[in-house]
Peer 1: 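Structure below; questions to follow.
Because the structure is predicted, anything quoted here is derived from the model rather than measured. Throughout, protein chains are lettered first and strands after them, A, B, ... in sequence-line order, and every chain is numbered starting at 1.
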Amino acid sequence: MSLIEAQGLVKRFGDFTAVDGIDVRVEAGEAFGFLGPNGAGKSSTMRMVGCVSPPTDGQLRIFGMDPVRDGPAIRSRLGVCPQQDSLDLELTCLENLTVYARYFGIPRKVARERARELLDFVQLGDRADSPVEPLSGGMKRRLVIARALINEPEIVLLDEPTTGLDPQARHLVWERLFRLKQRGVTLVLTTHYMDEAEQLCDRLVVMDAGKIVAEDAPRALIERYSTREVVELRFGLDGLDTYADKLAGVGERLEVLPDRILLYAADGDDAVAQVHGRGLTPSSVLVRRSTLEDVFLHLTGRTLVD
Amino acid sequence: MGGTVAVLGHHLTIYRRVWRGSVFTSFLVPVLFLLGMGISVGGYVDERQGPLGVPYLDFIAPGLLMSTALQVAVSEAMWPVFDGFAWSRRYEVMRTAPVRTRDILLGHVAFVQLRALIAVAGFLLVMTLFGAVHSALAPLALPVGVLVGCATSIPIFGYSAHVKSENMFAVVMRFGVIPMTLFAGVFFEVGAMPPAARALAYVSPLWHGVELARGATLGVDTAWSWPLHVGYLLLWIAVGWPLALRQFTRRLDT
Ligand SMILES: Nc1ncnc2c1ncn2[C@@H]1O[C@H](COP(=O)(O)OP(=O)(O)OP(=O)(O)O)[C@@H](O)[C@H]1O
Ligand SMILES: [Mg+2]
(Lines give C-alpha, C1' and ligand atoms only; values in the text may rest on other atoms or scores of the structure.)
(Ligands and ions follow the chains in the order given, each with its own letter.)
Protein backbone atom coordinates (compact mmCIF):
# COMPACT_ATOMS: atom_id res chain seq x y z
CA MET A 1 0.00 0.00 0.00
CA SER A 2 1.23 3.50 -0.82
CA LEU A 3 1.35 5.89 2.14
CA ILE A 4 -0.23 8.64 0.11
CA GLU A 5 -2.52 8.01 -2.84
CA ALA A 6 -4.26 10.75 -4.76
CA GLN A 7 -6.39 10.30 -7.84
CA GLY A 8 -7.93 13.17 -9.74
CA LEU A 9 -7.40 15.36 -6.69
CA VAL A 10 -8.99 18.80 -7.07
CA LYS A 11 -9.02 21.88 -4.87
CA ARG A 12 -11.18 24.85 -5.77
CA PHE A 13 -11.55 28.16 -3.97
CA GLY A 14 -14.81 29.54 -5.30
CA ASP A 15 -14.47 29.55 -9.08
CA PHE A 16 -10.71 29.33 -8.93
CA THR A 17 -9.10 25.91 -9.36
CA ALA A 18 -5.85 25.75 -7.40
CA VAL A 19 -5.25 22.01 -7.85
CA ASP A 20 -6.63 20.61 -11.05
CA GLY A 21 -6.95 16.83 -10.94
CA ILE A 22 -3.57 15.46 -9.90
CA ASP A 23 -2.55 11.83 -9.45
CA VAL A 24 0.18 11.14 -6.91
CA ARG A 25 1.52 8.09 -5.09
CA VAL A 26 4.10 8.26 -2.35
CA GLU A 27 5.68 5.06 -1.07
CA ALA A 28 7.06 4.44 2.40
CA GLY A 29 10.61 5.65 2.92
CA GLU A 30 10.80 7.82 -0.17
CA ALA A 31 11.53 11.50 -0.45
CA PHE A 32 8.93 12.94 -2.76
CA GLY A 33 8.89 16.46 -4.10
CA PHE A 34 6.46 18.94 -5.60
CA LEU A 35 8.43 21.34 -7.76
CA GLY A 36 6.66 24.36 -9.16
CA PRO A 37 6.57 28.15 -9.40
CA ASN A 38 4.52 30.48 -7.20
CA GLY A 39 0.84 29.69 -7.30
CA ALA A 40 1.31 26.24 -8.83
CA GLY A 41 -0.86 24.69 -6.11
CA LYS A 42 1.89 23.09 -4.02
CA SER A 43 0.69 24.40 -0.65
CA SER A 44 -2.93 23.66 -1.49
CA THR A 45 -1.92 20.06 -2.20
CA MET A 46 0.14 19.81 0.99
CA ARG A 47 -2.74 21.14 3.06
CA MET A 48 -5.05 18.50 1.62
CA VAL A 49 -2.50 15.79 2.39
CA GLY A 50 -2.09 17.30 5.86
CA CYS A 51 -5.85 16.82 6.38
CA VAL A 52 -6.56 20.45 7.16
CA SER A 53 -8.14 21.28 3.83
CA PRO A 54 -10.90 19.03 2.48
CA PRO A 55 -10.47 18.05 -1.19
CA THR A 56 -13.09 19.51 -3.51
CA ASP A 57 -13.06 16.43 -5.72
CA GLY A 58 -11.16 13.23 -6.43
CA GLN A 59 -9.76 10.52 -4.20
CA LEU A 60 -7.24 10.96 -1.44
CA ARG A 61 -5.99 8.28 0.94
CA ILE A 62 -3.28 8.69 3.53
CA PHE A 63 -2.17 5.54 5.37
CA GLY A 64 -5.16 4.06 3.55
CA MET A 65 -7.51 6.36 5.48
CA ASP A 66 -9.87 9.12 4.44
CA PRO A 67 -8.57 12.61 5.31
CA VAL A 68 -12.00 14.06 6.04
CA ARG A 69 -13.33 11.20 8.14
CA ASP A 70 -10.09 10.17 9.84
CA GLY A 71 -8.35 13.56 9.95
CA PRO A 72 -7.21 13.43 13.59
CA ALA A 73 -6.03 9.80 13.31
CA ILE A 74 -3.97 10.64 10.22
CA ARG A 75 -2.60 13.88 11.64
CA SER A 76 -1.37 12.07 14.72
CA ARG A 77 1.05 10.21 12.41
CA LEU A 78 2.11 13.22 10.32
CA GLY A 79 4.69 15.91 10.92
CA VAL A 80 3.93 19.26 9.34
CA CYS A 81 6.26 22.12 8.59
CA PRO A 82 4.05 24.89 7.14
CA GLN A 83 5.28 27.34 4.54
CA GLN A 84 5.37 30.22 6.98
CA ASP A 85 7.25 29.84 10.24
CA SER A 86 4.72 30.08 13.01
CA LEU A 87 6.23 29.87 16.45
CA ASP A 88 5.21 31.17 19.85
CA LEU A 89 7.67 34.03 20.13
CA GLU A 90 6.87 34.48 23.83
CA LEU A 91 8.03 30.95 24.65
CA THR A 92 11.41 29.27 24.74
CA CYS A 93 12.52 26.85 22.06
CA LEU A 94 11.89 23.93 24.38
CA GLU A 95 8.42 25.15 25.33
CA ASN A 96 7.49 25.54 21.68
CA LEU A 97 8.05 21.81 21.32
CA THR A 98 6.55 20.64 24.60
CA VAL A 99 3.38 22.70 24.17
CA TYR A 100 2.88 21.15 20.74
CA ALA A 101 3.58 17.67 22.14
CA ARG A 102 0.49 17.97 24.33
CA TYR A 103 -1.71 17.97 21.24
CA PHE A 104 -0.52 14.44 20.57
CA GLY A 105 -1.19 13.27 24.09
CA ILE A 106 2.53 12.80 24.74
CA PRO A 107 3.19 12.73 28.50
CA ARG A 108 5.09 15.77 29.80
CA LYS A 109 8.19 13.90 30.80
CA VAL A 110 8.51 12.08 27.48
CA ALA A 111 7.82 15.36 25.70
CA ARG A 112 10.67 17.13 27.50
CA GLU A 113 13.14 14.35 26.76
CA ARG A 114 12.13 14.12 23.16
CA ALA A 115 12.17 17.90 22.76
CA ARG A 116 15.76 18.07 24.04
CA GLU A 117 16.84 15.32 21.66
CA LEU A 118 15.17 17.05 18.74
CA LEU A 119 16.73 20.39 19.60
CA ASP A 120 20.09 18.66 19.56
CA PHE A 121 19.19 17.04 16.28
CA VAL A 122 18.52 20.42 14.63
CA GLN A 123 21.56 21.89 16.41
CA LEU A 124 19.63 24.17 18.71
CA GLY A 125 20.48 22.25 21.89
CA ASP A 126 22.21 25.23 23.46
CA ARG A 127 19.15 27.42 22.76
CA ALA A 128 16.65 25.17 24.51
CA ASP A 129 15.83 27.65 27.25
CA SER A 130 16.21 30.87 25.31
CA PRO A 131 13.29 32.70 23.75
CA VAL A 132 12.47 32.23 20.09
CA GLU A 133 12.22 35.88 19.15
CA PRO A 134 15.93 36.64 18.50
CA LEU A 135 16.65 33.46 16.52
CA SER A 136 17.80 33.81 12.92
CA GLY A 137 15.57 32.71 10.05
CA GLY A 138 17.51 29.48 9.63
CA MET A 139 17.27 28.66 13.32
CA LYS A 140 13.53 29.31 13.36
CA ARG A 141 13.08 27.05 10.38
CA ARG A 142 15.01 24.28 12.11
CA LEU A 143 12.91 24.77 15.22
CA VAL A 144 9.74 24.36 13.15
CA ILE A 145 11.21 21.17 11.68
CA ALA A 146 12.04 19.89 15.17
CA ARG A 147 8.49 20.64 16.26
CA ALA A 148 7.15 18.68 13.30
CA LEU A 149 9.08 15.64 14.55
CA ILE A 150 7.81 15.65 18.15
CA ASN A 151 5.26 12.90 17.52
CA GLU A 152 7.76 10.67 15.70
CA PRO A 153 5.80 10.98 12.47
CA GLU A 154 5.89 8.42 9.67
CA ILE A 155 5.47 11.11 7.04
CA VAL A 156 6.89 14.62 7.30
CA LEU A 157 5.33 17.30 5.10
CA LEU A 158 7.68 20.19 4.42
CA ASP A 159 6.29 23.20 2.57
CA GLU A 160 9.28 25.07 1.15
CA PRO A 161 11.65 24.07 3.92
CA THR A 162 14.47 26.39 2.86
CA THR A 163 12.85 29.35 1.13
CA GLY A 164 14.39 32.58 2.36
CA LEU A 165 17.42 30.95 3.97
CA ASP A 166 21.01 31.76 3.09
CA PRO A 167 23.05 28.99 1.38
CA GLN A 168 24.73 27.86 4.58
CA ALA A 169 21.45 27.58 6.46
CA ARG A 170 19.93 25.71 3.53
CA HIS A 171 22.70 23.14 3.50
CA LEU A 172 22.26 22.51 7.19
CA VAL A 173 18.52 21.90 6.71
CA TRP A 174 19.18 19.59 3.74
CA GLU A 175 21.66 17.62 5.73
CA ARG A 176 19.20 17.12 8.61
CA LEU A 177 16.42 16.14 6.22
CA PHE A 178 18.74 13.66 4.58
CA ARG A 179 19.40 12.06 7.96
CA LEU A 180 15.69 11.79 8.60
CA LYS A 181 15.30 10.02 5.32
CA GLN A 182 18.06 7.60 6.24
CA ARG A 183 16.10 6.75 9.36
CA GLY A 184 13.25 5.65 7.12
CA VAL A 185 10.98 8.67 7.51
CA THR A 186 8.96 9.45 4.41
CA LEU A 187 9.51 13.03 3.29
CA VAL A 188 7.12 15.03 1.15
CA LEU A 189 8.36 18.47 0.30
CA THR A 190 7.58 21.37 -1.97
CA THR A 191 10.13 23.70 -3.41
CA HIS A 192 10.81 26.07 -6.22
CA TYR A 193 14.51 25.42 -6.03
CA MET A 194 15.66 22.85 -8.53
CA ASP A 195 18.87 22.15 -6.62
CA GLU A 196 16.83 21.34 -3.54
CA ALA A 197 14.66 18.95 -5.52
CA GLU A 198 17.74 17.33 -7.07
CA GLN A 199 19.50 16.95 -3.74
CA LEU A 200 16.65 15.64 -1.65
CA CYS A 201 14.05 13.96 -3.80
CA ASP A 202 14.03 10.39 -5.01
CA ARG A 203 11.06 11.24 -7.14
CA LEU A 204 9.23 14.42 -7.93
CA VAL A 205 6.39 15.91 -9.85
CA VAL A 206 6.65 19.19 -11.68
CA MET A 207 3.52 21.25 -11.07
CA ASP A 208 2.28 24.19 -13.02
CA ALA A 209 -1.06 25.97 -12.71
CA GLY A 210 -2.58 23.19 -10.62
CA LYS A 211 -1.53 20.38 -12.96
CA ILE A 212 1.27 17.86 -12.94
CA VAL A 213 3.31 18.33 -16.10
CA ALA A 214 5.96 15.65 -15.47
CA GLU A 215 6.86 13.01 -12.94
CA ASP A 216 10.03 10.98 -12.38
CA ALA A 217 13.37 10.85 -10.61
CA PRO A 218 15.22 14.18 -10.96
CA ARG A 219 18.00 12.75 -13.18
CA ALA A 220 15.53 10.85 -15.32
CA LEU A 221 13.53 14.04 -15.90
CA ILE A 222 16.64 15.87 -16.96
CA GLU A 223 17.60 13.08 -19.32
CA ARG A 224 14.15 12.90 -20.80
CA TYR A 225 13.38 16.59 -21.22
CA SER A 226 16.80 18.15 -21.52
CA THR A 227 20.31 17.48 -22.77
CA ARG A 228 23.37 16.70 -20.75
CA GLU A 229 24.72 20.23 -21.01
CA VAL A 230 23.42 23.73 -21.62
CA VAL A 231 25.21 26.70 -23.11
CA GLU A 232 24.05 30.16 -22.02
CA LEU A 233 24.86 32.86 -24.55
CA ARG A 234 24.49 36.61 -24.11
CA PHE A 235 24.70 39.09 -26.98
CA GLY A 236 24.14 42.56 -25.60
CA LEU A 237 20.48 43.46 -25.49
CA ASP A 238 19.16 43.86 -29.02
CA GLY A 239 17.64 41.37 -31.39
CA LEU A 240 18.19 38.03 -29.74
CA ASP A 241 15.75 36.57 -32.24
CA THR A 242 18.06 37.31 -35.16
CA TYR A 243 20.82 35.40 -33.40
CA ALA A 244 18.41 32.55 -32.88
CA ASP A 245 18.11 32.18 -36.64
CA LYS A 246 21.86 32.20 -37.08
CA LEU A 247 22.22 29.53 -34.41
CA ALA A 248 19.73 27.15 -35.98
CA GLY A 249 21.06 23.61 -36.01
CA VAL A 250 23.63 24.08 -33.28
CA GLY A 251 22.91 21.62 -30.46
CA GLU A 252 19.60 19.79 -30.18
CA ARG A 253 17.34 22.65 -29.25
CA LEU A 254 17.43 26.34 -28.44
CA GLU A 255 15.42 28.57 -26.15
CA VAL A 256 15.32 32.37 -26.36
CA LEU A 257 14.88 34.12 -23.01
CA PRO A 258 14.51 37.89 -22.59
CA ASP A 259 18.20 38.31 -21.70
CA ARG A 260 19.95 35.24 -23.08
CA ILE A 261 19.80 32.26 -25.41
CA LEU A 262 20.03 28.70 -24.11
CA LEU A 263 21.54 26.04 -26.35
CA TYR A 264 20.79 22.45 -25.37
CA ALA A 265 23.57 20.10 -26.38
CA ALA A 266 25.14 16.82 -25.32
CA ASP A 267 28.56 18.43 -25.55
CA GLY A 268 28.59 22.10 -24.54
CA ASP A 269 32.14 22.88 -25.62
CA ASP A 270 31.48 21.46 -29.05
CA ALA A 271 28.40 23.68 -29.36
CA VAL A 272 30.43 26.74 -28.35
CA ALA A 273 32.98 25.89 -31.02
CA GLN A 274 30.18 25.73 -33.60
CA VAL A 275 28.88 29.12 -32.46
CA HIS A 276 32.29 30.67 -32.97
CA GLY A 277 32.62 28.74 -36.23
CA ARG A 278 29.56 30.65 -37.52
CA GLY A 279 31.38 33.92 -36.87
CA LEU A 280 29.25 34.86 -33.88
CA THR A 281 30.83 36.61 -30.90
CA PRO A 282 28.62 36.44 -27.86
CA SER A 283 29.47 38.86 -25.02
CA SER A 284 29.41 35.99 -22.57
CA VAL A 285 29.38 32.19 -22.75
CA LEU A 286 28.58 29.77 -19.95
CA VAL A 287 28.60 25.99 -20.27
CA ARG A 288 26.80 24.19 -17.44
CA ARG A 289 25.14 20.93 -16.55
CA SER A 290 21.47 20.72 -17.29
CA THR A 291 19.13 21.19 -14.32
CA LEU A 292 15.48 20.80 -13.47
CA GLU A 293 15.09 24.44 -14.30
CA ASP A 294 15.68 23.51 -17.92
CA VAL A 295 13.13 20.73 -17.64
CA PHE A 296 10.61 23.20 -16.31
CA LEU A 297 11.41 25.71 -19.03
CA HIS A 298 11.01 23.05 -21.67
CA LEU A 299 7.69 21.85 -20.28
CA THR A 300 6.06 25.19 -19.61
CA GLY A 301 8.02 27.74 -21.60
CA ARG A 302 8.63 29.71 -18.43
CA THR A 303 11.37 29.92 -15.83
CA LEU A 304 10.80 28.55 -12.37
CA VAL A 305 12.00 31.43 -10.25
CA ASP A 306 11.36 34.91 -11.54
CA MET B 1 -11.86 16.79 25.24
CA GLY B 2 -8.12 16.09 25.20
CA GLY B 3 -7.78 18.51 22.30
CA THR B 4 -9.58 21.29 24.15
CA VAL B 5 -7.41 20.78 27.22
CA ALA B 6 -4.24 20.91 25.10
CA VAL B 7 -5.39 24.17 23.50
CA LEU B 8 -6.16 25.63 26.93
CA GLY B 9 -2.75 24.44 28.15
CA HIS B 10 -1.10 26.15 25.20
CA HIS B 11 -2.70 29.51 26.04
CA LEU B 12 -1.92 29.10 29.73
CA THR B 13 1.74 28.40 28.98
CA ILE B 14 1.95 31.64 27.05
CA TYR B 15 0.02 33.50 29.76
CA ARG B 16 2.51 32.33 32.36
CA ARG B 17 5.14 34.26 30.44
CA VAL B 18 3.20 37.47 29.91
CA TRP B 19 0.74 37.77 32.83
CA ARG B 20 2.56 40.66 34.49
CA GLY B 21 1.68 42.97 31.66
CA SER B 22 -2.02 42.21 32.03
CA VAL B 23 -2.29 42.94 35.75
CA PHE B 24 -2.43 46.67 35.22
CA THR B 25 -5.23 46.78 32.65
CA SER B 26 -7.36 43.93 33.89
CA PHE B 27 -7.11 44.59 37.61
CA LEU B 28 -5.50 47.85 38.70
CA VAL B 29 -7.41 50.08 36.31
CA PRO B 30 -10.86 48.91 37.48
CA VAL B 31 -9.79 49.17 41.10
CA LEU B 32 -8.55 52.73 40.58
CA PHE B 33 -11.82 53.45 38.85
CA LEU B 34 -13.77 52.05 41.78
CA LEU B 35 -11.90 54.14 44.29
CA GLY B 36 -11.86 57.28 42.19
CA MET B 37 -15.55 57.20 41.30
CA GLY B 38 -16.70 55.71 44.57
CA ILE B 39 -14.98 58.27 46.73
CA SER B 40 -15.26 61.43 44.61
CA VAL B 41 -18.65 61.03 42.94
CA GLY B 42 -19.81 58.97 45.91
CA GLY B 43 -19.19 62.00 48.13
CA TYR B 44 -21.81 64.05 46.26
CA VAL B 45 -24.26 61.23 45.78
CA ASP B 46 -24.21 59.98 49.33
CA GLU B 47 -24.69 63.54 50.71
CA ARG B 48 -28.02 63.74 48.91
CA GLN B 49 -29.34 60.55 50.49
CA GLY B 50 -30.74 59.23 47.20
CA PRO B 51 -32.85 56.11 46.70
CA LEU B 52 -29.87 53.72 46.47
CA GLY B 53 -30.00 52.59 50.09
CA VAL B 54 -26.25 51.85 50.09
CA PRO B 55 -23.13 54.00 49.69
CA TYR B 56 -22.47 54.88 46.04
CA LEU B 57 -19.17 52.99 46.06
CA ASP B 58 -20.95 49.82 47.12
CA PHE B 59 -23.57 50.42 44.43
CA ILE B 60 -21.14 50.77 41.54
CA ALA B 61 -18.73 48.07 42.74
CA PRO B 62 -20.73 45.07 41.38
CA GLY B 63 -21.31 47.06 38.18
CA LEU B 64 -17.59 47.65 37.73
CA LEU B 65 -17.02 44.01 38.60
CA MET B 66 -19.11 42.98 35.59
CA SER B 67 -17.67 45.63 33.31
CA THR B 68 -14.24 44.24 34.23
CA ALA B 69 -15.40 40.79 33.11
CA LEU B 70 -16.73 42.39 29.91
CA GLN B 71 -13.57 44.36 29.16
CA VAL B 72 -11.18 41.49 29.82
CA ALA B 73 -13.24 38.89 27.95
CA VAL B 74 -13.97 41.06 24.92
CA SER B 75 -10.45 42.39 24.47
CA GLU B 76 -9.02 38.89 24.90
CA ALA B 77 -11.40 37.75 22.17
CA MET B 78 -10.23 40.44 19.76
CA TRP B 79 -6.47 40.97 19.29
CA PRO B 80 -5.32 37.52 20.45
CA VAL B 81 -7.82 35.84 18.12
CA PHE B 82 -6.75 38.02 15.21
CA ASP B 83 -3.18 37.18 16.14
CA GLY B 84 -3.96 33.47 16.05
CA PHE B 85 -5.08 33.74 12.44
CA ALA B 86 -2.99 36.50 10.97
CA TRP B 87 0.21 37.19 12.88
CA SER B 88 1.42 34.27 14.96
CA ARG B 89 -0.69 31.81 12.91
CA ARG B 90 -0.99 29.85 16.12
CA TYR B 91 -4.34 28.35 15.12
CA GLU B 92 -2.90 27.03 11.87
CA VAL B 93 -0.20 25.22 13.83
CA MET B 94 -2.75 23.76 16.26
CA ARG B 95 -4.77 22.59 13.29
CA THR B 96 -1.86 20.50 11.99
CA ALA B 97 -2.05 18.43 15.21
CA PRO B 98 -4.87 15.98 15.85
CA VAL B 99 -7.29 18.58 17.21
CA ARG B 100 -10.53 19.70 15.66
CA THR B 101 -11.47 23.29 14.92
CA ARG B 102 -14.10 23.21 17.66
CA ASP B 103 -11.39 22.19 20.17
CA ILE B 104 -9.32 25.18 19.07
CA LEU B 105 -12.26 27.52 19.60
CA LEU B 106 -13.45 25.96 22.84
CA GLY B 107 -9.95 25.82 24.35
CA HIS B 108 -9.38 29.49 23.63
CA VAL B 109 -12.84 30.47 24.89
CA ALA B 110 -12.11 28.58 28.11
CA PHE B 111 -8.82 30.42 28.49
CA VAL B 112 -10.51 33.79 28.03
CA GLN B 113 -13.09 32.96 30.70
CA LEU B 114 -10.30 31.96 33.04
CA ARG B 115 -8.69 35.34 32.44
CA ALA B 116 -12.00 37.06 33.17
CA LEU B 117 -12.49 34.95 36.28
CA ILE B 118 -9.07 35.85 37.66
CA ALA B 119 -9.75 39.56 37.13
CA VAL B 120 -13.22 39.31 38.69
CA ALA B 121 -11.94 37.35 41.68
CA GLY B 122 -9.20 39.90 42.33
CA PHE B 123 -11.67 42.75 42.08
CA LEU B 124 -14.17 41.01 44.35
CA LEU B 125 -11.46 40.62 46.96
CA VAL B 126 -10.71 44.35 46.85
CA MET B 127 -14.44 45.08 47.12
CA THR B 128 -14.63 42.91 50.21
CA LEU B 129 -11.66 44.70 51.77
CA PHE B 130 -13.41 48.04 51.20
CA GLY B 131 -16.55 46.77 52.85
CA ALA B 132 -18.56 46.97 49.63
CA VAL B 133 -19.90 43.44 49.99
CA HIS B 134 -23.11 43.09 52.01
CA SER B 135 -24.25 39.56 51.34
CA ALA B 136 -23.06 36.01 51.77
CA LEU B 137 -24.21 35.40 48.19
CA ALA B 138 -21.29 37.50 46.93
CA PRO B 139 -19.24 34.52 45.62
CA LEU B 140 -22.03 33.94 43.12
CA ALA B 141 -20.74 37.05 41.38
CA LEU B 142 -17.84 34.90 40.13
CA PRO B 143 -19.91 32.55 37.94
CA VAL B 144 -21.95 35.56 36.86
CA GLY B 145 -18.72 37.19 35.71
CA VAL B 146 -17.89 34.10 33.66
CA LEU B 147 -21.40 34.13 32.24
CA VAL B 148 -21.01 37.77 31.16
CA GLY B 149 -17.56 36.90 29.79
CA CYS B 150 -18.98 34.05 27.71
CA ALA B 151 -22.04 35.93 26.52
CA THR B 152 -20.01 38.89 25.29
CA SER B 153 -16.80 37.24 24.11
CA ILE B 154 -18.08 34.20 22.21
CA PRO B 155 -19.79 36.27 19.50
CA ILE B 156 -16.65 38.44 19.38
CA PHE B 157 -14.56 35.32 18.66
CA GLY B 158 -16.64 34.98 15.50
CA TYR B 159 -16.28 38.68 14.71
CA SER B 160 -12.50 38.58 15.14
CA ALA B 161 -12.24 35.53 12.88
CA HIS B 162 -14.30 37.39 10.29
CA VAL B 163 -12.70 40.85 10.10
CA LYS B 164 -9.84 41.54 7.73
CA SER B 165 -8.17 44.25 9.77
CA GLU B 166 -7.57 44.82 13.44
CA ASN B 167 -8.88 48.37 12.96
CA MET B 168 -12.35 46.86 13.11
CA PHE B 169 -11.93 46.30 16.83
CA ALA B 170 -12.33 50.02 17.50
CA VAL B 171 -15.93 49.56 16.31
CA VAL B 172 -16.58 46.99 19.04
CA MET B 173 -15.14 49.28 21.68
CA ARG B 174 -16.96 52.37 20.43
CA PHE B 175 -20.38 50.87 19.79
CA GLY B 176 -20.35 47.96 22.23
CA VAL B 177 -18.08 48.04 25.21
CA ILE B 178 -18.03 51.76 26.00
CA PRO B 179 -21.79 52.46 25.64
CA MET B 180 -22.57 49.35 27.67
CA THR B 181 -20.18 50.37 30.40
CA LEU B 182 -21.73 53.84 30.54
CA PHE B 183 -25.42 53.07 30.14
CA ALA B 184 -26.10 49.49 31.21
CA GLY B 185 -26.59 50.12 34.89
CA VAL B 186 -23.00 50.20 36.09
CA PHE B 187 -23.04 53.81 37.36
CA PHE B 188 -26.78 54.47 37.77
CA GLU B 189 -30.08 52.63 37.64
CA VAL B 190 -31.27 52.24 34.06
CA GLY B 191 -34.73 53.35 35.27
CA ALA B 192 -33.33 56.89 35.27
CA MET B 193 -33.02 56.81 31.46
CA PRO B 194 -35.71 57.53 28.83
CA PRO B 195 -37.59 54.39 27.66
CA ALA B 196 -35.70 54.01 24.35
CA ALA B 197 -32.31 54.08 26.07
CA ARG B 198 -33.63 51.76 28.75
CA ALA B 199 -34.69 49.24 26.08
CA LEU B 200 -31.14 49.25 24.74
CA ALA B 201 -29.82 48.57 28.22
CA TYR B 202 -32.20 45.59 28.49
CA VAL B 203 -30.85 44.22 25.23
CA SER B 204 -27.23 44.51 26.36
CA PRO B 205 -25.84 41.46 28.12
CA LEU B 206 -23.96 43.63 30.59
CA TRP B 207 -27.10 44.98 32.27
CA HIS B 208 -28.30 41.46 33.09
CA GLY B 209 -24.92 40.64 34.56
CA VAL B 210 -24.89 43.83 36.61
CA GLU B 211 -28.35 43.07 38.00
CA LEU B 212 -27.26 39.57 39.01
CA ALA B 213 -23.96 40.74 40.49
CA ARG B 214 -25.65 43.52 42.44
CA GLY B 215 -28.11 40.97 43.78
CA ALA B 216 -25.19 38.81 44.85
CA THR B 217 -22.94 41.39 46.52
CA LEU B 218 -25.66 43.62 48.04
CA GLY B 219 -28.30 40.97 48.67
CA VAL B 220 -30.95 43.10 46.89
CA ASP B 221 -33.64 41.88 44.51
CA THR B 222 -32.75 41.73 40.81
CA ALA B 223 -34.84 43.81 38.37
CA TRP B 224 -36.36 40.71 36.78
CA SER B 225 -36.39 37.28 38.37
CA TRP B 226 -32.86 35.92 38.28
CA PRO B 227 -33.49 32.93 35.98
CA LEU B 228 -34.59 35.40 33.32
CA HIS B 229 -31.32 37.29 33.56
CA VAL B 230 -29.33 34.06 33.49
CA GLY B 231 -31.43 32.73 30.62
CA TYR B 232 -30.88 35.89 28.59
CA LEU B 233 -27.10 35.59 28.99
CA LEU B 234 -27.28 31.90 28.01
CA LEU B 235 -29.17 32.95 24.90
CA TRP B 236 -26.21 35.08 23.81
CA ILE B 237 -23.97 32.07 24.25
CA ALA B 238 -26.34 29.78 22.38
CA VAL B 239 -26.49 32.16 19.43
CA GLY B 240 -22.85 33.21 19.59
CA TRP B 241 -21.29 29.75 19.62
CA PRO B 242 -22.48 28.51 16.21
CA LEU B 243 -21.62 31.88 14.66
CA ALA B 244 -18.11 31.76 16.10
CA LEU B 245 -17.61 28.14 15.12
CA ARG B 246 -18.73 28.89 11.59
CA GLN B 247 -16.17 31.67 11.21
CA PHE B 248 -13.41 29.52 12.69
CA THR B 249 -14.31 26.69 10.35
CA ARG B 250 -14.30 29.05 7.39
CA ARG B 251 -10.78 30.20 8.29
CA LEU B 252 -9.24 26.90 9.37
CA ASP B 253 -10.92 24.21 7.27
CA THR B 254 -10.69 25.64 3.75
N1 LIG C 1 -7.65 30.04 0.85
C2 LIG C 1 -7.56 30.42 -0.44
N3 LIG C 1 -8.54 31.13 -1.01
C4 LIG C 1 -8.46 31.51 -2.30
N5 LIG C 1 -7.44 31.23 -3.11
C6 LIG C 1 -6.42 30.53 -2.61
C7 LIG C 1 -6.42 30.08 -1.24
N8 LIG C 1 -5.27 29.41 -1.03
C9 LIG C 1 -4.59 29.43 -2.19
N10 LIG C 1 -5.28 30.10 -3.14
C11 LIG C 1 -4.84 30.31 -4.53
O12 LIG C 1 -4.54 29.07 -5.09
C13 LIG C 1 -3.39 29.17 -5.93
C14 LIG C 1 -2.38 28.13 -5.51
O15 LIG C 1 -1.90 28.50 -4.25
P16 LIG C 1 -0.83 27.64 -3.46
O17 LIG C 1 -0.59 28.36 -2.19
O18 LIG C 1 -1.27 26.24 -3.41
O19 LIG C 1 0.41 27.78 -4.42
P20 LIG C 1 1.92 27.37 -4.15
O21 LIG C 1 2.33 26.49 -5.26
O22 LIG C 1 2.09 26.89 -2.78
O23 LIG C 1 2.64 28.78 -4.34
P24 LIG C 1 3.86 29.44 -3.52
O25 LIG C 1 5.11 28.95 -4.16
O26 LIG C 1 3.67 30.90 -3.76
O27 LIG C 1 3.73 29.05 -2.11
C28 LIG C 1 -2.88 30.58 -5.82
O29 LIG C 1 -3.30 31.30 -6.96
C30 LIG C 1 -3.56 31.12 -4.59
O31 LIG C 1 -3.82 32.49 -4.72
MG1 LIG D 1 3.07 27.53 -1.15
Peer 1: Can you confirm whether A:Lys181 is buried at NZ, in the sense that more than 12 heavy atoms of other residues, nucleotides or ligands lie under 6.0 Å from that atom?
Peer 2: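 Enclosed.
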Peer 1: Side chain, backbone, both or neither: which part of B:Arg95 has an atom under 4.5 Å from a heavy atom of chain A?
Peer 2: both
Peer 1: Between A:Asp85, A:Val99, A:Leu89, A:Val144, which has the largest tally of heavy atom pairs under 4.5 Å with chain B?
Peer 2: A:Val99
Peer 1: Taking only Lys NZ, Arg NE, NH1 and NH2, and the carboxylate oxygens of Asp or Glu, determine whether A:Arg108 and A:Glu113 approach each other closer than 4.0 Å.
Peer 2: no
Peer 1: Against the six-membered ring of B:Phe85, is B:Arg90 placed for a cation-pi contact (under 6.0 Å from the centre, within 45° of the normal)?
Peer 2: no
Peer 1: Is it possible for you to check whether A:Arg77 lies under 6.0 Å from the centre of the six-membered ring of A:Phe63, through NZ or CZ, and within 45° of that ring's axis?
Peer 2: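 Relative to the ring axis of A:Phe63, which defines the angle, A:Arg77 lies inside both limits.
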Peer 1: Does the structure place the NZ or CZ of A:Arg176 under 6.0 Å from the centre of the six-membered ring of A:Phe121, at an angle of no more than 45° from the ring's axis?
Peer 2: yes
Peer 1: Picking from A:Asn151, A:Thr92, A:Leu91, which has the most non-hydrogen pairs under 4.5 angstrom with chain B?
Peer 2: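 Highest number of pairs under 4.5 Å: A:Leu91.
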Peer 1: Does any backbone or side-chain atom of B:Val99 lie under 4.5 Å from a heavy atom of chain A? Answer side chain, backbone, both or neither.
Peer 2: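 Its backbone and side chain both get close to chain A.
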Peer 1: Where on A:Glu90 is there a heavy atom nearer than 4.5 Å to chain B: the side chain, the backbone, both, or neither?
Peer 2: both
